[in-house]
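For reference, the structure discussed in these notes is given below.
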Amino acid sequence: MSTEETPTASRHFIQQQIDADLAAGRVKHVHTRFPPEPNGYLHIGHAKSICLNFGLAKEYAGPEGPRFNLRFDDTNPAREEQEYVDAIMDDVRWLGADWESRLYHASDYFETHYGWAVELIKAGHAYVCDQTAEQVRETRGTLTEAGTPSPYRGRSVEENLDLFKRMRGGEFADGAKTLRAKIDMSAANVNLRDPVMYRIKHTSHQRTGDAWCLYPAYDWAHGQGDAMEGITHSICTLEFENHRPLYDWYLDRLQALKLLPGERPRQIEFARLNLTYTVMSKRKLLQLVQEKHVAGWDDPRMPTLRGLRRRGYTAESIRAFCERIGVTKQNSTIDMLWLEDAVRDHLNETAPRRMAVLRPLKLVLTGYADGSALPPSDSVKVCKLDNHPQHPELGSRSVPLTRELWIEQDDFMEDAPKQFFRLKPGGAVRLRGAGMAICQEVIKDATGEVVELRCVFDPDTTALVEGKKVKGTIHWVPVEGSVEAEVRLYDHLFGVEEPDRAPEGETFLHNLNKHSLERLTAKLEPDLATACAGESYQFERIGYFFVDPIDSRAGAPCFNRTVTLRDTWGKVADK
RNA sequence: UGGGGAUUGGUGUAAUCGGUAGCACGACGGAUUCUGAUUCCGUUAGUCGGGGUUCAAGUCCCUGAUCCCCAGCCA
């Protein structure tokens, strides 16, 4: 009985490396972490990292569950804020990654880092340097020329120990001294030319307050934090590949000094996510917010998790997206369509359907198709519509068909080509869930603008009848009883696929899409009056819309368009 | 020859020891449909270039090209 596994989904290079580590006995389990710096909000690129790290922890979970840490890389108090810490935790949780009780901060380890640095000094691996930042830069050499050693490189252990202690004590001004690792000023890898381990910053830290005026640099803090937490695979983006020798160098020294156990973390790099029509750098996102090109970090046009959430993206769709794009070391730019497809997929399954008219045109029912008069009451009939055509279990709701209706301006054409299946003079369409309307008269205003259509209604067609089929079905909303609401239509924040590719002398801001937001007052079917903040609906034939949690009021919802429906007619019409 | 990494259809990716270049998205065509949605079917198109080894090369060897990262007391 061979239970040979059928080749399932192929495994990406990180999974393969972990498999090899496990097989070789180099590690006994897998423990990952997500290490954000709290100096900005998380964006879709971070989501890729979170999904990767948490996904691996889940995939390789032992009986005690996934081992996944959230660790704030708070080593630079000058740029980090509690506001970001709170938002990051909220976003990570929302995405579905669970760090359980394993919430850590690089600052939790400041004392340990300090003690280890003292040991490195004692072992002759680090020294206090009095060079200014400028001098360090000048003596580092270039990419093709070796640097020259600092004149302080030969200080005695005793002097280094004394100076380092006094640095901690606050005796020296910012920038006056640094602690540097003594590695190799002629290393081809510039990161190994005696990198700074500590710099003096008399700045209070959002967690440790004024306890320290000495802060560890990233390279000195990161790998050691990984090691302390028992991280087995430290996964980061490609730009840190050049730092791996330094990551290993610190770990090697600490292991040699018996300060670390035999099992140690391993750094693996993958290509960060790039998306068309947007920018991903924290600096640029900050600039968009500060210069008010967007309404805030949670502006639905932003690629931030907060923006995406407010736009109506679901955590499930973002996870599916991250799964679909894969993990490699190739720099690539994913088409925004993939992200949009991912929400469409999810919302198509889950979002209840409703009717909404974005750009209203009045349609008046003047009588029945057989010439008889409509009932005396305004309501011609009450229509029952399914909330989801593929999921009848989601129930239905009623929409009154009245004498006066709103339909979409786009759904009427006076001189229509023959592929146009909607309303035209003398033509018939199906009013969704109601029956057929036949256009008998087109009313225009003084400027020739179509302002009203007069139609007759065919009640025999409420159920489908043979011989009375019509190709087009349009949505509608009763004038009496409809709800008016603000609807925001969002488009790409940037008008070009690669916003960073700006003309000479211009920045990425030059490529901002001036029409990325359009506000409309739409007419909605009555049921939508009670739509609640945070709900998603499909407005049939238009797109998916999310009830804005901030601007909506009870009984007065406000909708953000998450994404349009696929529109094959739109493509035809463009030609 | 500064160091490090990458290169497979339009896009994103897969191919275990060298053995039928596969999947998805898109595009295009068609079927179904009370959403021009969804769903379903089909078509399309690829190993960066040049040599070499081999019965057989995306994979191994040689050589060239292109792209990305690195000279913060940022991460």
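Excluded from the calculations below are hydrogen atoms, water molecules and symmetry mates; all remaining heavy atoms, backbone and side chain alike, are included. Lettering of chains follows the sequences in order, A, B, ..., and the numbering in each one begins at 1.
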Out of B/G2, B/A37, B/G36, which nucleotide sits closest to the side chain of A/Leu565?
B/A37
Would you mind checking if A/Lys284 and A/Asp500 are paired as a salt bridge, meaning a charged N to carboxylate O distance below 4.0 Å?
yes
Option passing salt bridge (Lys or Arg N to Asp or Glu O under 4.0 Å) with A/Asp527 (candidates A/Arg353, A/Arg397, A/Arg354):
A/Arg354
Could you tell me the separation between the NZ atom of A/Lys571 and the C1' atom of B/A37, rounded to a whole number of Å?
12 Å
Can you give the dot-bracket line for RNA chain B, where a pair is Watson-Crick or G-U wobble with both atom distances under 3.5 Å, crossing pairs use [ ], and | marks a partner on another strand?
.((((((..((((.....[..))))((((((.......))))))...(((((..]....))))))))))).....
Against the side chain of A/Asn242, the closest entry in B/G3, B/A71, B/G12 is B/G3
B/A45 and B/A57, which share atom name P, separated by this distance in whole Å:
23 Å
Counting N and O atoms only, with roles assigned by atom type, does the side chain of A/Gln135 sit under 3.5 Å from a partner on the main chain of A/Thr132, one being a donor and the other an acceptor?
yes
Whole angstrom is fine here: how far is it from NE2 in A/His243 over to P in B/C69?
13 Å
Heavy-atom nearest nucleotide on RNA chain B taken for A/Asn348 and for A/Thr333; more 5' hit belongs to A/Thr333
Output yes if the stacking criterion (under 5.5 Å between centres, under 30° between planes) is met for A/Trp338 over the base of B/G12, else no.
no
For A/Trp569 and B/G36, are the ring centres under 5.5 Å apart with planes inclined under 30°?
yes
By the rule that syn is within 90° of 0, classify the base conformation of B/G72 as syn or anti.
syn
